[in-house]
Enquirer: 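Take this structure first; my questions come after.
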Amino acid sequence: MINPFEILETINMIDRENLDIRTITMGISLKNCTDPDVDRACEKIYNKITTYAKDLVKVGEDIEKQFGIPIINKRISVTPIATVVDALDNPDTDKCLKIAKTLDAAAKKVGVNFIGGFSALVHKGFTKGERILIESLPTVLANTDIVCSSVNVGSTRAGINMDAVALMGRIIKEAAEATKDNGGFACAKLVVFCNAVEDNPFMAGAFHGEGEGDSVINVGVSGPGVVKCALEKVKGEPFGVVAETIKNTAFKITRMGQLVASEASKRLGVPFGIVDLSLAPTPAVGDSVAYILEEMGLEKCGTHGTTAALALLNDAVKKGGVMASSYVGGLSGAFIPVSEDAGMIAAVSEGALSIEKLEAMTCVCSVGLDMIAVPGSTTAETLSCIIADEAAIGMVNSKTTAVRIIPAPGMDVGDTVDFGGLLGTGPVMPLSKYSGTDFVARGGRIPAPLQSLKN
Amino acid sequence: MRAVVTVVGKDRPGIIAKVSTLLFENNMNILDISQTIMSEDIFSMIMLVDMKSSVVADVSEKLAALASEIGMSIHLQNEELFNSMHRI
């Protein structure tokens, strides 16, 4: 029998330190659901999702009960919908909305809380369907509840599609306006990526990639609270001890993820894809990545030293987690979504954490500028410049970066936007007052960097 | 399946009697027990039990009701969870 202390340690992690499985995400390919007729395409999509995922929520709940581990979210990701739009006869915004409503209805029918993949990958250029899909996003996100969207605008191999960057600045602005009564909520469901990954289980950026099979189970673990509590026991110790403590904790967290992933895969009869080794915070007290950084000795997250602390954390999580799972993938790193992390919210409110520092932090962690509220008066061009900066960091460092930013309509620095639930509350952050309009207006493509030439 | 039942809380008479009666009434066989009193009066007991996986949800609910009745924290979890977390 297992040592009683180990058993109590596990129970303590779950009961007091917010250890949980953040998400079981079922990836479903829609490649065989395309049709020139939009109604027929929608019918195929609805039938496939509601058939494949019909037991997903129940299986998740059964595992939760039998193992006594909370599994917070059950979700679905699908093939980028641009593939479906491109196959339509005379695609337009109305048809895109029809498909999005079908996804919304199918996801609600099976009881998941988000469906991701209303997406387009345009890092090198647009197809007709991709452009129409992107143009439809403000309408789609404002008129559906749980559909999430992502657009990939750059990659290390292709460079950055600056036409797409310019377009996304405008689309984010319009999406915020379309949901102005809800603080620009549509923008919380829209991610702009560079180097998007194909097997990410986390929302809003999940989609079922081109290279994936018909269906797959990906699991995202969590546990910032567990890491923080483990570090409390090594106060004042040198960094070698800090890294070792994080690795040990990440190993245990990931083993739990691996167990849930293989169990879910077996029970659903769907192949296991990957475990995503991310530390994903929630607004709950004690479930914050910022507090881990502060536990390392920083007075406030965002002060000088934060980037180094985050680099150590991110690396140690991967080193500890990678041996605990047979397949590691997705985004795998520490998330720093401002509105979803109690410590980040506090740091921003107290003026300790700026957008410039967040940008620096995204160089050493997954993923990017995430869930950041900015003044409603921010121009589309400024949003595009922010996206371009993040995409450049991703492109040059061969890593995923993302921007999920909310220009909260009618709000300014000092105001707070409340998104509710896991999305939390975001203090509106100040931006540079100088413009990059002429920079964005150039258009075209930023060439791929030298490090893309690896062959 | 084999599951681990853990009972933790302030010590009082009758804890083992109540928990093991509930397990017996639900056809669960106790394979191993480890019980100790930590820091003067904190009762802690870990039991390894054999049970049907189909009744886990039902028994968990009954254990939760018992837990609030006697003011203890009680968990029922598949043994596999601990094996995977603590054994390579």
Side-chain angles (χ1 to χ4, degrees), chain A residues 1-17 19-21 57-71 219 221 223 226 230 247-267 272 275 320-326, chain B residues 1-10 16 19 26 28-39 42-68 71-88:
Chain A
M1 189 167 161
I2 314 232
N3 166 342
F5 289 103
E6 293 171 335
I7 291 177
L8 294 176
E9 183 192 19
T10 301
I11 289 176
N12 201 32
M13 283 180 181
I14 294 169
D15 274 8
R16 303 221 183 126
E17 298 169 0
L19 176 61
D20 55 47
I21 298 292
V57 172
K58 182 177 181 307
V59 164
E61 286 170 355
D62 285 349
I63 294 175
E64 203 169 349
K65 281 185 198 127
Q66 285 187 12
F67 291 89
I69 317 165
I71 301 172
V219 164
V221 296
V226 184
K247 275 159 65 181
N248 289 340
T249 312
F251 177 83
K252 289 175 188 167
I253 295 173
T254 311
R255 289 287 282 191
M256 199 178 82
Q258 170 76 24
L259 172 70
V260 168
S262 51
E263 199 62 34
S265 150
K266 195 167 72 192
R267 293 184 190 195
F272 159 56
V275 173
V322 79
M323 191 183 151
S325 170
S326 42
Chain B
M1 72 177 217
R2 279 160 47 126
V4 175
V5 177
T6 42
V7 186
V8 182
K10 198 170 173 349
I16 298 181
V19 174
N26 289 278
M28 292 160 69
N29 187 26
I30 301 172
L31 306 173
D32 198 353
I33 300 183
S34 151
Q35 190 261 307
T36 181
I37 300 293
M38 301 186 298
S39 50
I42 300 298
F43 174 95
S44 127
M45 175 167 69
I46 296 167
M47 294 166 137
L48 183 65
V49 299
D50 194 26
M51 64 184 297
K52 287 209 176 77
S53 55
S54 54
V55 299
V56 171
D58 179 44
V59 174
S60 293
E61 269 176 38
K62 288 179 184 163
L63 283 171
L66 176 64
S68 55
M72 310 285 288
S73 154
I74 306 183
H75 289 81
L76 169 71
Q77 288 156 305
N78 191 318
E79 187 198 17
E80 214 29 56
L81 170 67
F82 305 99
N83 283 330
S84 64
M85 260 184 124
H86 299 284
R87 297 286 176 272
I88 292 176

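Because the structure is predicted, anything quoted here is derived from the model rather than measured. Here is the naming used below: chain letters follow the sequence lines, and residue numbers restart at 1 for every chain.
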Enquirer: Sequence neighbours left out, what pairs pass salt bridge (Lys or Arg N to Asp or Glu O under 4.0 Å) with at least one residue falling in residues 45-58 of chain B?
Expert: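 Passing the test, one end in residues 45-58 of chain B: D58(B)-K62(B).
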Enquirer: For M38(B), I'd like to know if atom CE has over 12 heavy atoms of other residues, nucleotides or ligands within 6.0 Å.
Expert: yes
Enquirer: Could you pull out the closest heavy-atom pair between H86(B) and E6(A), with the gap in Å?
Expert: NE2-O, 3.1 Å
Enquirer: After noting the C-alpha distance and the side-chain angles of I7(A) and M85(B), does the key distance pass the side chain to side chain contact (heavy atoms under 4.5 Å, CB included) rule?
Expert: CA-CA 10 Å; I7(A) 291 177; M85(B) 260 184 124; over 6 Å; no
Enquirer: Measure the spacing between CZ of R16(A) and OG of S73(B) and express it to the nearest 0.5 Å.
Expert: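 Separation between the atoms: 8.0 Å.
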Enquirer: Using side-chain heavy atoms (C-beta onward) and a distance below 4.5 Å, is N78(B) in contact with E263(A)?
Expert: no
Enquirer: Quick one: pull up CZ in F82(B) and NZ in K252(A) and give me the separation to the nearest 0.5 Å.
Expert: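 Going from CZ on F82(B) over to NZ on K252(A), the span is 12.5 Å.
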Enquirer: By a 4.5 Å heavy-atom criterion (distance strictly below it), what part of S44(B) contacts chain A: side chain, backbone, both, or neither?
Expert: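 Side chain only.
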Enquirer: Does any heavy atom of chain A fall under 4.5 Å from the side chain of L31(B), the backbone, both, or neither of them?
Expert: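 Interface part for L31(B): neither.
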Enquirer: What part of V59(B) gets closer than 4.5 Å to chain A, counting heavy atoms only: side chain, backbone, both or neither?
Expert: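 Neither part.
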Enquirer: Return the option, out of L8(A), I253(A), T10(A), with the maximum number of heavy-atom pairs under 4.5 Å with chain B.
Expert: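 Looking at each of L8(A), I253(A), T10(A) in turn, T10(A) comes out on top.
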Enquirer: Of all the residues in residues 62-71 of chain A, which have a heavy atom that comes within less than 4.5 Å of a heavy atom in chain B?
Expert: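 Residues K65(A), Q66(A), F67(A), G68(A), I69(A) are the ones that qualify, each having a heavy atom under 4.5 Å from chain B.
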Enquirer: Testing the basics here: between I11(A) and T6(B), what is the closest heavy-atom pair and its distance to 0.1 Å?
Expert: CD1-OG1, 2.8 Å
Enquirer: Quick one: which of L76(B), N83(B), V8(B) has the most heavy-atom pairs under 4.5 Å with chain A, could you say?
Expert: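 Highest number of heavy-atom pairs under 4.5 Å: N83(B).
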Enquirer: Is there a donor-acceptor contact under 3.5 Å from the side chain of R255(A) to the main chain of R87(B)?
Expert: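 Yes; judged by distance alone, with no hydrogens or angles, the pair exists.
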Enquirer: With a 4.5 angstrom heavy-atom cut-off, is it the side chain or the backbone of M51(B) that approaches chain A, or both, or neither?
Expert: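 When you check distances to chain A, no heavy atom of M51(B) falls under 4.5 Å.
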